[in-house]
Student: 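Got a structure here, written out as structure tokens. Questions coming.
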Amino acid sequence: FLLFQPAVSVGNVGQLAIDLIISTLNMCKIGYFYTDCLVPMVGNNPYATAEENSTELSINAEVYSLPSKKLVALQLRSIFIKYKSKPFCEKLLSWVKSSNCAKVIVLSSSHSYHRNDLQLRSTPFRYLLTPFLQKTVQNKIKSLNWEEMEKSPCIPEIEDSEFCIRIPGGGITKILYDEGCSKEIPMVVLLKFVSEGDNIPDALGLVEYLNEWLQIIKPCCDDPTAPALQWKMPSSWRLLFGSGLPPALF
Amino acid sequence: REVRLFRRQTKTSLEVSLLEKYPCSKFIIAIGNNAVAFLSSFVMNSGVWEEVGCAKLWNEWCRTTDTVHLNPADAFCVFYHLKSNPSVLLCQCSCYVAEDQQYQWLEKVFGFCPRKNMQVTVLTCRHVTDYKTSESTSSLRSPFLKALKTENFKEPPCCSLLEQPNIVHDLPAAVLSYCQVWKIPAILYLCYTDVMKLDLITVGAFKPVLSSRSLKGLVK
């Protein structure tokens with residue numbers, strides 16, 4: 001099966017994208033990733049569609065699945081407790097390794113202000129592959145004409161610094177990628193250069209980028225005026241920018 | 001920043017988790033000064049409660065730099081059981097448990113072997129501006145009560161459930177997460193108020209909880 005997971009990163013784009021995937025595909029909750037590495041948080045079902053299913057409690061790290069398409073998604077809803085991000089990655093990847101999933105897809109984002117001139121002029125989407133992906137996957141991705149994440153100077157201030165992959169604002173993305181390479185995990189990282197703000201369009205962009213490759217949802221409508229792909233926004237996305245305004249303000 | 005459980009009477013620390021030492025069928029936890037005041041006035045006054053333990057911890061929110069000699073007036077976390085029915089436990093937690101201490105607190109209190117035949121009730125407050133609603137918060141009549149319950153909690157709550165997209169953090173969230181994952185029936189009663197200091201009206205807002213099965217029988 002395929003495992004999707006977000007990295008808690010700039011604009012929370014990875015997490016918003018996972019929300020879209022879970023909500024659109026109506027994935028069922030199959031379990032929890034109970035860990036002491038993430039700040040605790042609870043709330044009622046964020047994907048509720050009706051009164052009946054709105055009272056299920058959700059915690060900060062949960063696993064959802066769609067058996068018919070062999071998809072599993074891990075959603076992370078809070079930030080790391082200090083010094084716990086590396087232990088979390090280690091625990092996560094050893095679980096991934098033992099669960100024998102075919103591929104892990106990490107959805108993430110990086111600060112758009114860190115782009116160099118070339119990056120500013122190209123598409124904002126990037127990918128990264130670990131060496132242990134099958135050739136077929138590597139070839140498919142190459143055929144899509146996607147841009148691979150470029151290396152940048154490890155220490156920008158020093159002129160002859162070595163080049164390496166850097167993902168500023170990506171949270172644990174780099175750690176996951178490095179551990180993925182060293183632990184022989186077939187992993188694909190998909191990210192978008194974003195700025196903080198209303199990141200819903202960025203999340204939609206990221207899932208459409210993912211969909212170009214995996215086709216997890218297909219265009220359905222015959223109506224030419226409707227958007228080609230229907231992504232369902234979860235009910236918990238209401239009031240992202242706070243409560244209603246007091247009328248006395250006007 | 002370590003969380004330590006000990007008995008004040010004997011000055012000895014607890015070797016095992018609290019619930020391992022004191023098996024419990026009902027656990028009522030008050031977090032924050034108003035919730036603590038509610039339990040003190042309504043529940044602790046109606047029965048004889050004996051102190052069984054105390055949690056000592058330090059973080060930036062504590063008013064004292066002396067981590068050894070915390071006096072009783074300082075914010076504290078104390079555990080009691082009912083003398084007439086020692087399987088009923090109560091926790092009065094008026095100190096802030098920081099994010100790197102919440103899981104430690106859970107370990108020291110609940111331990112690693114979750115008991116399923118117990119029921120947990122948590123009471124706490126949050127500021128009303130944290131509450132997200134499509135109306136403006138200035139038109140809300142605070143204080144008001146909202147509930148969040150785990151899957152295994154089957155009774156109807158005494159107030160409406162917390163609507164999406166509202167969420168809860170800190171120690172109450174840590175307790176509820178633990179109970180949800182380990183299938184322990186638990187309910188959190190959350191009072192949204194505009195007064196975070198000790199306030200009689202806020203304390204009074206918890207009164208509907210007195211009629212719940214968790215607290216019935218404990219109050220005269």
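Chain letters run A, B, ... following the sequence lines, proteins first and then strands; every chain starts at 1. Excluded from the calculations below are hydrogen atoms, water molecules and symmetry mates; all remaining heavy atoms, backbone and side chain alike, are included.
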Student: Show, in sequence, the C-alpha distance, side-chain angles and deciding distance for A:Leu57 and B:Phe153, and conclude whether the side-chain contact (heavy atoms from CB on, under 4.5 Å) test is met.
Tutor: CA-CA 11 Å; A:Leu57 197 68; B:Phe153 190 89; over 6 Å; no
Student: How about CG on B:Leu198, more than 12 heavy atoms from neighbouring residues, nucleotides or ligands closer than 6.0 Å, or not?
Tutor: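 More than 12 within 6.0 Å, yes.
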Student: Heavy atoms only: give me the nearest A:Ala17-A:Val207 pair and the separation to one decimal.
Tutor: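 Minimum heavy-atom separation between A:Ala17 and A:Val207: O-CG1, 3.6 Å.
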Student: Mind checking side-chain hydrogen bond (donor to acceptor under 3.5 Å, both in side chains) for A:Glu212 and listing every partner two or more places apart, or none if nothing turns up?
Tutor: A:Trp146
Student: Mind listing the donor-acceptor pairs under 3.5 Å that bridge chain A and chain B?
Tutor:
| from | atom 1 | to | atom 2 | distance (Å) |
| --- | --- | --- | --- | --- |
| A:Tyr32 | OH | B:Gln180 | NE2 | 2.7 |
| A:Thr35 | O | B:Tyr103 | OH | 3.0 |
| A:Leu38 | O | B:Tyr103 | OH | 3.1 |
| A:Val42 | N | B:Val168 | O | 3.0 |
| A:Val42 | O | B:Val168 | N | 2.8 |
| A:Asn44 | ND2 | B:Leu162 | O | 2.8 |
| A:Asn45 | O | B:Gln164 | NE2 | 2.7 |
| A:Ser54 | O | B:Gln164 | NE2 | 3.3 |
| A:Leu57 | O | B:Gln180 | NE2 | 3.3 |
| A:Arg238 | NH1 | B:Gln164 | O | 3.2 |
| A:Ser243 | OG | B:Tyr131 | O | 3.0 |
| A:Ser243 | OG | B:Thr133 | N | 3.1 |
| A:Gly244 | N | B:Thr133 | O | 3.0 |
| A:Gly244 | N | B:Glu135 | O | 3.2 |

Student: Under 4.5 Å heavy-atom distance to chain A, tell me which part of B:Leu106 shows up: side chain, backbone, both or neither.
Tutor: side chain
Student: Side chain, backbone, both or neither: which part of A:Leu38 has an atom under 4.5 Å from a heavy atom of chain B?
Tutor: backbone
Student: Does any pair with a residue in residues 165-200 of chain A pass ring pair (Phe, Tyr, Trp, His ring centres under 6.0 Å), and if so which ones, sequence neighbours excluded?
Tutor: none
Student: Under the rule for salt bridge (Lys or Arg N to Asp or Glu O under 4.0 Å), what residues qualify as partners of A:Arg166, not counting sequence neighbours?
Tutor: none
Student: For A:Pro6 versus A:Leu74, what's the shortest heavy-atom pair and its separation?
Tutor: CD-O, 3.0 Å
